[in-house]
Amino acid sequence: MLGANLAVSALSRWPWRKHHVAFLITHLGIITLLTGSLIGRIWGIEGTLTLFKGEPPTNRLLVDEHQLRVRDSDGVVKGFGAEFLHRRPSPRQPRDFGTLASGAKLSVIDYADAIDAKLNPRPLPNGGAPAVHLALNTAMMGQQLDNWLLADDPQHGTFGMGLASIELKRGQAHPSATNGSSAIGNRSSRSETELEESIFAFAKAPGQQIGHVAKGGSTGAKLSLSRPQNGDKGQLTVSIAGKTETIDVAQNLGKDLAIEGTPFRGRIENYWADFRLQDGKPISLSDTPNNPAVVLTIHGRAAPAIDTTAHGNERNVSTNGGGAPVMNESSAAQNHLTLYVAAEGTISYELRSRRLGDSFGRLELNKPLVTGWADWQLVVDRVLPHAEQWMDFTPVKAEKDISQLPDGVRVRVEQDGETFEQWVPAGWQITVPTSPNPIAIAYGWRTVPLPVGLELLDFEVTRNEGSDAPAGFKSSLRISTTDGETANGQCWMNHPFSFPSAWWRTWSGLTFKISQASWNPENLSQSTVQILRDPGWLLKWIGSLLIVAGVFMMFYVKQFRRESASGSDKSRNPKPRVRPLVEA
């Protein structure tokens, strides 16, 4: 309609004159740009493709368009457009997708920006897999966690909490006795390096602290925070490298300070009067010192403290030279709990604690187990000897951190007077028990098949000199067609490559432009590329250039500007001179 409006506007100036040229060029440019955009929208392709090294070629392109996919009772897969950002459905005004092959009616009755998925296994009379429900709590951090685990399940058989990991298996605990060294806190056998560690200390738990190594290794520092008195923020005692120093928190908050007699410097980064963890972030619920806590960052050049805990059936309490339980991958490996469910439903455990050493035994229901991971305690309160996987999906409020959560829709299926409603997050599939056969419903990005297949040959990450920070990523790809044509190419940031590479295909837009889109730091055999094919790109550029040329001519080239009516009359009919009345 805009193109038709512009064309009629240009034709209304007929017969055209010289001063119409700039006006006509500008309108022609807009119409040309719109035409190129329409061609690209209809016949163009744009999306992403995630590739894995060693896997066969794939041609399933993920495009930026939500879709509801239904595998109907007759086996036919149907796709429905499902964009709800600007027009959200509701139970009163659902989005109706019509009647399925079984006679069931399908509709979407709600949309949520973020959906949280939580395992909630269903009991079975036999078969399935054992499941346990565990609860973890810490008074020091004012936090409680709960989770279901499904035995030997690759996706739901483990639970990671940063500081430690928990795993559920079938069978019974059979720990193997191993001998370990007792070189705890020994620095002499290690070479000096730059160390940086942040340590949380809590006034309510003087013997407990949590550390996070940022560089090098653990400093071996031991912190103790006294309770605030007379309106202050308490005193922080730091024991490190055989030296002890007491620091006033209020006077030194946010200041760099030297720890006398040691190669280390420290900085009290933050203080919380009433410490709690909310959405994984530390906060203070009030200004009243109900649970005072501080975080101290220590850095300096020294040999990292060694933490080698003796192994065996008895708990071996180590001091780590005063070191904190470090929250990194190596610490998570040292802090590990394996739960075992026997055929009769009894539970046993193997516990590895960086602070308490190794232990094993039988675990009773509702009886706390001291883990040695700070002051965390674990309780198993439910056991299902036979269970099947079932996920509960619930919308998440917008005020929480929802950046990592998928959006989702609530579907309704009505058949023979019965109604089934269920949330479906993006990337998930549910099964609805309709008759004569159940149907499967999935929600997520629409996928389209490409006429070419892509294979990841190699993925390279270059690092900045002297650090692990990535400087660039490069994907080496092989492209193949159904006709047997193949080509190899590389793409990295701002350096795409095209296939086919003939010049006339490039100028006509009949080529696939492949660019590096993203990567997975945890899996360097994975790469995501963007694929673009836009047959209207040349018309877009021509239209843009015509618009710029027309506007320039209209405002800055005098010969294409229309003269004003007053100026034209002035040249043909000069204004007569009027004599003053006195002179007349």
In Å, rounded to the nearest 0.5 Å, how long is the span from [atom1] of [X] to [atom2] of [Y]?
{"X": "Ile430", "Y": "Met391", "atom1": "CD1", "atom2": "CE", "result": "13.0 Å"}
{"X": "Asn335", "Y": "Thr371", "atom1": "CG", "atom2": "OG1", "result": "7.5 Å"}
{"X": "Asn520", "Y": "Leu524", "atom1": "CG", "atom2": "CG", "result": "8.0 Å"}
{"X": "Leu285", "Y": "Asp274", "atom1": "CG", "atom2": "CG", "result": "5.0 Å"}
{"X": "Lys513", "Y": "Asp534", "atom1": "NZ", "atom2": "CG", "result": "9.5 Å"}
{"X": "Trp423", "Y": "Tyr111", "atom1": "CH2", "atom2": "OH", "result": "9.5 Å"}

I'd like to know if the side chain of [X] and the backbone of [Y] have a donor-acceptor N/O pair within less than 3.5 Å.
{"X": "Asn137", "Y": "Gln144", "result": "no"}
{"X": "Gln251", "Y": "Leu253", "result": "no"}
{"X": "Glu197", "Y": "Thr219", "result": "yes"}
{"X": "Ser476", "Y": "Leu457", "result": "no"}
{"X": "Arg446", "Y": "His66", "result": "no"}
{"X": "Asp232", "Y": "Pro228", "result": "no"}

Student check: side-chain heavy atoms of [X] and [Y] closer than 4.5 Å:
{"X": "Phe360", "Y": "Ser348", "result": "no"}
{"X": "Pro130", "Y": "Arg170", "result": "yes"}
{"X": "Leu136", "Y": "Phe159", "result": "yes"}
{"X": "Arg276", "Y": "Asn291", "result": "yes"}
{"X": "Lys118", "Y": "Trp148", "result": "no"}
{"X": "Leu339", "Y": "Leu337", "result": "yes"}
{"X": "Val249", "Y": "Leu225", "result": "yes"}
{"X": "Thr193", "Y": "Pro304", "result": "yes"}

Pairs of donor and acceptor atoms involving the side chains of residues 257-265, under 3.5 Å and at least two apart or interchain, shall be tabulated with distances.
from, atom 1, to, atom 2, distance (Å)
Thr262, OG1, Ile259, O, 2.8
Thr262, OG1, Phe264, N, 3.3

Considering all heavy atoms, the nearest [X]-[Y] contact:
{"X": "Pro425", "Y": "Phe393", "result": "CG-CD2, 3.3 Å"}
{"X": "Ala221", "Y": "Ile298", "result": "CB-CD1, 3.5 Å"}
{"X": "Ser498", "Y": "Thr511", "result": "CB-OG1, 3.6 Å"}
{"X": "Ser480", "Y": "Thr486", "result": "CB-CG2, 3.8 Å"}
{"X": "Leu223", "Y": "Ala201", "result": "CB-CB, 3.8 Å"}
{"X": "Leu49", "Y": "Asn59", "result": "CD1-C, 4.5 Å"}

Would you check if there is a donor-acceptor pair between the side chains of Gln516 and Ser475 at a distance under 3.5 Å?
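The answer is yes; a qualifying pair exists.
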Test log, rule side-chain hydrogen bond (donor to acceptor under 3.5 Å, both in side chains), inputs Thr338 and His336:
CA-CA 7 Å; Thr338 304; His336 184 79; 3.1 Å; yes
Over 60° means perpendicular and under 30° means parallel, so classify the ring planes of Trp272 and Phe275, tilted if in between.
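Perpendicular, since the angle between the ring planes exceeds 60°.
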Take Asn523 and Phe52 through the test side chain to side chain contact (heavy atoms under 4.5 Å, CB included) and record every step on the way to the result.
CA-CA 9 Å; Asn523 186 0; Phe52 295 89; 4.0 Å; yes
Do the charged groups of Arg352 and Glu350 touch, with an N to O distance under 4.0 Å?
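Salt bridge absent between Arg352 and Glu350.
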Stepwise side chain to side chain contact (heavy atoms under 4.5 Å, CB included) check, Ser353 with Trp373:
CA-CA 7 Å; Ser353 170; Trp373 314 329; 4.1 Å; yes
Take a 6.0 Å sphere around [atom1] of [X] and say whether it holds more than 12 heavy atoms from other residues, nucleotides or ligands.
{"X": "Asp287", "atom1": "CG", "result": "no"}
{"X": "Arg362", "atom1": "CZ", "result": "no"}
{"X": "Arg463", "atom1": "CZ", "result": "yes"}

Between Ser518 and Phe473, does the side chain to side chain contact (heavy atoms under 4.5 Å, CB included) criterion hold? Intermediate values first, please.
CA-CA 9 Å; Ser518 63; Phe473 336 108; over 6 Å; no
Have a look at Leu477 and tell me which of Asn488, Asp458, Leu51 forms a side chain to side chain contact (heavy atoms under 4.5 Å, CB included) with it.
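Exactly one option meets the side chain to side chain contact (heavy atoms under 4.5 Å, CB included) with Leu477, and it is Leu51.
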